[in-house]
There are 2 protein chains.
Amino acid sequence: MASEHPPISAPTISDVAAAAGVGRATAARTLGGYGSVSAVARERVLAAAERLGYRSNILARSMTTGVTNSLGIVVADIGNTFFSGLIRGASDAASARNLDVIVISTYEDLAAERHAVGVLLDKQVDGIVVSSAAVGAPDAEHLAEATRRGTPVVLIDRLVPGLHLDAVVVDNRAEARRVTRTLIEAGHRRIGFLWGPTTDTGIDTLDELLTVNTRSLWSDAERLRGYLDALQDAGIPYAPGLVTTGAKTEESAARAALAMLQSEDPPTALFATEAEALIGALHAVQDLGLSYPGDVSLVGFDDTSWATVMQPPLTMIAQPVDAMGRLAVEQVVSRIGSPEYEPRLHMLPAELMTRSSIGPPSRVPGAPTASAGKA
Amino acid sequence: MASEHPPISAPTISDVAAAAGVGRATAARTLGGYGSVSAVARERVLAAAERLGYRSNILARSMTTGVTNSLGIVVADIGNTFFSGLIRGASDAASARNLDVIVISTYEDLAAERHAVGVLLDKQVDGIVVSSAAVGAPDAEHLAEATRRGTPVVLIDRLVPGLHLDAVVVDNRAEARRVTRTLIEAGHRRIGFLWGPTTDTGIDTLDELLTVNTRSLWSDAERLRGYLDALQDAGIPYAPGLVTTGAKTEESAARAALAMLQSEDPPTALFATEAEALIGALHAVQDLGLSYPGDVSLVGFDDTSWATVMQPPLTMIAQPVDAMGRLAVEQVVSRIGSPEYEPRLHMLPAELMTRSSIGPPSRVPGAPTASAGKA
DNA sequence: CTGTTAGCGCTTTCAC
DNA sequence: GTGAAAGCGCTAACAG
């Protein structure tokens with residue numbers, strides 16, 4: 001039942017100060033939580049603020065302080081569960097710190113990524129987490145530039161060779177090597193690799209493959225190298241037809257798997273580098289009336305809940321998406337505090353979820369050494 | 001090779017104006033794209049801006065104009081593919097309009113949702129898209145309030161009874177009724193419903209169920225009603241044991257399905273209201289060594305790519321997530337333009353992806369009418 | 001501890 | 001058309 005004319009627009013600090021009978025600065029200090037104010041003054045200000053329903057205008061605050069309490073996160077595809085898992089971890093960590101998150105999807109397009117970073121910089125976010133489409137430092141000038149200008153950026157999921165920034169990734173090469181070895185130990189020698197580098201020129205030699213691989217995303221390139229490492233460890237020669245070179249789509253993976261499986265000397269195991277690729281592989285296997293692990297063994301990156309419900313359940317590599325997201329924002333936050341230390345590389349372990357899609361090879365290929373392994 | 005001392009901090013409109021030899025206002029006009037400027041002046045300003053590398057400070061702009069070119073979207077769980085699909089559609093539509101999106105996850109917690117909306121309002125987003133955890137208007141004061149204060153909000157996926165706002169949803173009741181009828185037409189009379197209302201008090205009568213259902217999220221409540229509608233249409237009495245009352249988790253769904261399937265008069269079909277529930281159901285089926293659709297038929301909401309690769313492939317209801325997301329931002333945008341028209345309700349159709357998880361019932365329950373249906 | 005006084009960079013009257 | 005000048009709401013530097 002008051003008398004003071006309620007301001008038509010939202011109350012400002014001046015309104016509160018006036019209502020409390022103190023100067024603007026005092027009101028600002030108590031409301032902004034800085035400087036020091038006497039207990040009495042604080043009480044009166046708080047009461048007045050409460051009464052007026054005061055909410056600070058954070059745009060104005062951000063303009064003068066330069067901090068927006070928001071983080072940008074740019075990923076390839078929000079709709080992909082790997083990335084949405086990352087985002088989930090990141091945004092949980094962010095809200096725990098009272099930061100909010102602006103999400104942008106680039107669909108692996110570098111131009112879109114540059115634009116996204118520009119938007120974020122314009123918005124004056126306090127930091128950026130990005131899973132970049134850049135395959136090398138020259139592509140990533142926008143990231144280097146942002147850092148230089150004072151907005152910390154941390155890479156997530158993918159490193160960019162030549163770019164020294166904080167990063168949170170999984171050791172893709174080691175993980176790929178490990179599963180491939182698992183396959184080899186089960187007796188496999190012909191292992192199909194789904195989602196090798198995309199290229200239209202045929203790849204015949206290992207050298208060519210390695211060269212082309214250089215132009216792939218770090219994570220993809222690393223997985224291929226890990227696969228190749230394991231092959232080499234076991235003295236198995238590289239077989240051109242077993243590494244895919246098509247587009248990275250489910251359909252393309254299905255076609256490639258189909259072709260491999262129908263070839264004269266088909267693979268006895270398939271390693272899929274991504275959930276989508278695995279689904280493609282499964283389609284191929286099913287279309288051919290094959291079963292796993294009887295006819296072909298199967299493994300894939302990026303574990304999901306449906307893997308447990310497949311018959312038989314799928315053995316998968318589980319990346320710690322939630323932890324990666326959290327760690328990335330923690331890293332970016334600590335970088336905001338103290339910008340000048342060496343970039344930190346966080347390599348998190350992945351976990352091989354052993355289930356039942358790996359078995360012994362269905363047949364013994366040319367080489368005589370084959371069936372020696374286990375039995 | 002210049003001479004003008006490069007400003008230590010980013011160039012402002014004043015810098016550009018000075019460099020161009022015009023007044024601030026003229027520079028502001030051409031750079032801000034409002035008012036009118038002579039061709040010559042515009043050229044000089046543009047050139048100067050280019051030369052200085054001017055980027056407008058959108059925080060300052062937002063502060064004076066009140067528009068931030070950003071939208072808030074609050075969902076229950078970013079990690080859930082249904083919501084990440086929504087977000088994907090929404091953020092695509094947003095970037096097409098040069099808006100960016102701030103995403104917040106609430107995990108179905110109303111307090112978190114209120115907080116999220118508060119944050120968004122503080123950020124002065126131009127509009128909010130929310131899939132609310134409110135089950136009735138009293139819970140949704142924060143949404144009504146936001147609208148009243150001039151920030152349009154559009155509901156997505158879920159209506160809030162009693163709250164008249166723009167909304168984009170699927171007719172959950174009709175869709176649930178439709179699949180249930182499909183099941184009935186296949187001969188089923190005992191159909192388990194996974195993810196009925198969560199409650200610890202037992203539910204014995206239909207009335208009790210209906211009452212409790214009132215306290216569920218709109219979408220969940222509607223799906224149950226649709227199920228009940230179809231039962232009633234077919235003259236099948238409500239069977240208490242066939243509607244779940246546990247928590248909404250995969251494990252709980254699995255337990256409930258297990259219990260149903262092991263009961264004396266088990267269901268011959270299971271209708272799962274969510275992907276997680278379906279996975280739970282599949283676990284139960286498999287643990288019991290049952291197969292589908294031979295022993296039990298299965299259907300679920302929220303189609304995904306892995307449904308096609310299950311053996312047999314799963315029949316699912318596909319919600320148009322992408323379109324829902326897009327439409328929601330379109331709606332919120334048009335509401336920003338002209339705030340005063342009747343709230344619009346967009347009910348999008350879902351699609352039943354018929355595959356192979358529905359078959360005839362495995363056995364004939366008590367009633368004599370059963371096997372009459374098809375054969 | 002507190003009030004006064006300047007800005008932050010932009011938009012927006014308002015005269016010229 | 002164009003420039004000068006007045007804010008937007010806040011923080012910050014400076015006296016007292």
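Within every chain, numbering begins at 1; the chains are lettered A, B, ... in the order of the sequence lines, protein sequences first and strands thereafter.
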Let me know the distance between CZ of A:R44 and C1' of C:dC1, rounded to the nearest Å. 15 Å

Side-chain donor/acceptor contact of A:R55 with base of D:dG9 under 3.5 Å: no

Short side-chain N/O contact to C:dC1 OP1/OP2 from A:S38, under 4.0 Å: no

Rounded to whole Å, how long is the line connecting atom CG of A:N69 with atom P of D:dT11? 12 Å

Hey, does B:R24 reach any base, or is it just sugar-phosphate, or nothing, if we go heavy atoms under 4.0 Å? nothing

Evaluate the salt bridge (Lys or Arg N to Asp or Glu O under 4.0 Å) criterion for residues B:E108 and B:R158: first the C-alpha distance (whole Å), next the side-chain angles of each, then the deciding distance (0.1 Å), finally the verdict. CA-CA 12 Å; B:E108 303 291 13; B:R158 305 160 180 181; 2.7 Å; yes

Nearest whole angstrom, please: distance from the P of C:dT2 to the CD1 of A:I13. 15 Å

Check whether more than 12 heavy atoms from other residues, nucleotides or ligands sit under 6.0 Å from atom CZ of B:R55, and answer yes or no. no

The side chain of B:Y54 lies closest to which of these nucleotides: D:dC10, C:dT4, C:dC10? C:dC10

Please classify the nucleic acid contact of A:S56 as base, sugar-phosphate, or nothing, using heavy-atom distances under 4.0 Å. sugar-phosphate

Go through C:dC1, D:dC10, C:dT11 for me and flag the one nearest to the B:R61 side chain. C:dT11

Given D:dG3, C:dC10, D:dA12, identify the nucleotide with an atom nearest to the side chain of A:A25. D:dA12

What integer distance in Å separates A:L31:CG from D:dC10:P? 8 Å

Measure CE/A:M63 against P/C:dA6 and give the value in whole Å, please. 18 Å

Between B:S14 and B:R24, a side-chain donor and acceptor under 3.5 Å: yes

A:T26, nearest nucleotide to its side chain (from D:dC8, C:dT11, C:dG3): C:dG3

If only side-chain N and O atoms of B:T65 are considered, is one of them under 4.0 Å from the OP1 or OP2 phosphate oxygen of C:dT11? no

dist B:S70:OG -> A:K123:NZ (nearest 0.5 Å) comes out at 3.5 Å

Once you round it to whole Å, what is the distance between P of D:dC8 and CG of B:L59? 18 Å

Please determine if a side-chain N or O atom of A:Y34 lies less than 4.0 Å away from the OP1 or OP2 oxygen of C:dC1. no

Working for side chain to side chain contact (heavy atoms under 4.5 Å, CB included), residues B:Q124 and A:N57: CA-CA 9 Å; B:Q124 297 181 44; A:N57 179 329; 3.2 Å; yes

Heavy atoms from C-beta onward define the side chain here; which of C:dT13, C:dT2, D:dG9 lies closest to that of B:R29? C:dT13

Below the 4.0 Å mark, does D:dG9 have OP1 or OP2 next to a side-chain nitrogen or oxygen of A:T64? no

Over how many whole Å does the gap from A:N57 atom CG to D:dG7 atom P extend? 18 Å

